[in-house]
Amino acid sequence: WLADQPAGTLRDAFIGEFVRGTFDSDPEDALTWSVAIADEAKRGRRLAELFPKCRQRDPDAAMGWLRQQNLSQADSAAVGAP
């Protein structure tokens with residue numbers, strides 16, 4: 001359903017809330033959806049919020065997810081990647 005929503009503020013808001021609710025059951029999926037937030041500042045805040053929690057919870061899974069991503073410099077900075 002989220003993927004079918006038109007790009008824009010409302011879609012970003014839906015994704016933002018979805019990832020908050022999904023994080024406990026599927027942190028990697030929540031992170032992946034966070035990357036789909038179009039607004040760079042909102043995306044960065046969500047990644048900065050969720051990635052450290054994921055890394056604390058399961059460092060290997062978090063780093064595995066990070067290695068599979070092609071993040072922008074801003075997104076890399078948000079998650080604290082070198």
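Counting from 1, the numbers follow the sequence of the chain as shown.
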* Structure fact -> Value for CG (Asp12) from NZ (Lys42), rounded to nearest 0.5 Å, stands at 6.0 Å
* Worked check of side-chain contact (heavy atoms from CB on, under 4.5 Å) between Glu49 and Arg45 -> CA-CA 6 Å; Glu49 172 191 351; Arg45 284 192 300 272; over 6 Å; no
* In Å and rounded to the nearest 0.5 Å, what is the CG to CG distance from Leu31 to Asp75? -> 11.0 Å
* Take atom CD in Glu40; do more than 12 heavy atoms of anything else shown fall under 6.0 Å from it? -> no
* Is there a side-chain contact (heavy atoms from CB on, under 4.5 Å) between Asp39 and Thr9 once you walk through the steps? -> CA-CA 8 Å; Asp39 181 280; Thr9 305; over 6 Å; no
Anything under 3.5 Å between a donor and an acceptor, one on a side chain of residues 13-27, the other on a protein residue two or more places apart or in another chain? List them.
{"from": "Thr22", "atom 1": "OG1", "to": "Phe18", "atom 2": "O", "distance (Å)": "2.8"}
{"from": "Ser25", "atom 1": "OG", "to": "Thr22", "atom 2": "O", "distance (Å)": "3.2"}
{"from": "Asp26", "atom 1": "OD1", "to": "Asp29", "atom 2": "N", "distance (Å)": "3.2"}

* To do: Identify the heavy atoms of Arg11 and Leu2 that sit nearest to each other, and give their distance.
  => NE-O, 3.3 Å
* **Shortest non-hydrogen contact between Arg55 and Val79, atoms and distance** => NH1-O, 3.5 Å
* Would a distance-only check, ignoring hydrogens and angles, find a side-chain to backbone donor-acceptor pair under 3.5 Å from Arg43 to Ala38? -> yes
